[in-house]
Amino acid sequence: MSEWTIYYNPKCGSCRKALELLKSKKVEPRIVEYLKTPPTAAEVEKLIAWVGDAHAVVRAKEDEYAAHKLNDKSTAKQIAAAIAKDPILLQRPIVVRGQRAVVARPPEKAGELF
């Protein structure tokens with residue numbers, strides 16, 4: 001298994017740029033198209049722990065955010081459960097190396113993992 005993973009949406013320009021950046025550094029990450037293969041709540045909780053901020057991994061402007069009654073006081077567990085149910089809520093791209101992760105917005109933030 002690759003030490004590197006990218007949570008990826010092929011329609012997202014930031015995702016494509018982050019993947020391009022990784023490949024330019026000779027990294028071939030495992031690509032998780034999270035809309036096709038949604039992460040479980042437990043997997044999202046790991047991402048949250050590695051990123052260090054539950055609110056950084058959730059897309060608050062999506063309609064599903066309000067539908068799940070999420071807000072700035074929502075817990076990591078509540079956010080993880082909502083993302084597992086509606087993966088469109090997962091912020092993208094998230095780049096993982098080992099047990100560290102960054103939300104690569106802008107894509108150059110992926111460089112923090114080198």
When the side chains of residues 90-114 are checked against the rest of the protein, which donor-acceptor pairs come out under 3.5 Å, sequence neighbours left out?
| residue | atom | partner | partner atom | Å |
| --- | --- | --- | --- | --- |
| Gln91 | OE1 | Arg59 | NH1 | 3.0 |
| Arg97 | NE | Glu3 | OE2 | 3.4 |
| Arg97 | NH1 | Leu113 | O | 2.7 |
| Arg100 | NH2 | Glu112 | O | 2.9 |
| Arg105 | NH1 | Arg92 | O | 2.9 |
| Lys109 | NZ | Glu112 | OE2 | 3.2 |

Walk me through it: do Val32 and Tyr8 pass the test side chain to side chain contact (heavy atoms under 4.5 Å, CB included)? CA-CA 6 Å; Val32 177; Tyr8 184 82; over 6 Å; no
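We find the CD1-CD1 distance between Ile48 and Ile79 to be 6.0 Å, quoted to the nearest 0.5 Å.
The hydrophobic cluster containing Leu21, built from Ile/Leu/Val/Met/Phe/Trp/Tyr side-chain heavy atoms closer than 4.5 Å, comprises no other residue.
Looking at Asp86, its side chain never comes within 3.5 Å of a backbone N or O of Leu89 through a donor-acceptor pair.
For Lys77, the side chain to side chain contact (heavy atoms under 4.5 Å, CB included) test picks out Glu45, Thr75, with sequence neighbours left out. By the side chain to side chain contact (heavy atoms under 4.5 Å, CB included) test, Ala84 is found to be paired with Ala41, residues two or more places apart in sequence or in another chain being considered. Residues satisfying the salt bridge (Lys or Arg N to Asp or Glu O under 4.0 Å) criterion with Lys36, sequence neighbours excluded, are Glu33. The side chain to side chain contact (heavy atoms under 4.5 Å, CB included) check on Ala81 picks up nothing, with sequence neighbours excluded. Scored by the salt bridge (Lys or Arg N to Asp or Glu O under 4.0 Å) test, Lys25 finds no partners at all (sequence neighbours excluded).
Taking all atoms of both residues into account, the shortest heavy-atom contact from Cys15 to Ile6 is O-CD1, 4.1 Å. In this structure, Leu70 and Ala82 approach most closely via the heavy-atom pair CD1-CB, 3.8 Å. Contact detail for Val44 and Ile83: the closest heavy-atom pair is CG2-CG2, 3.7 Å.
Residue pairs that meet the salt bridge (charged side-chain N to carboxylate O under 4.0 Å, His left out) test with at least one member in residues 12-21, sequence neighbours left out, do not exist here. Each ring-ring contact (aromatic ring centres under 6.0 Å, His included) pair with one or both residues in residues 37-58, not counting sequence neighbours, would appear here, but there are none. Listed by first and then second residue, the ring-ring contact (aromatic ring centres under 6.0 Å, His included) pairs that reach into residues 59-90 come to none, sequence neighbours excluded. Sequence neighbours left out, not one pair with a member in residues 13-44 passes ring-ring contact (aromatic ring centres under 6.0 Å, His included).
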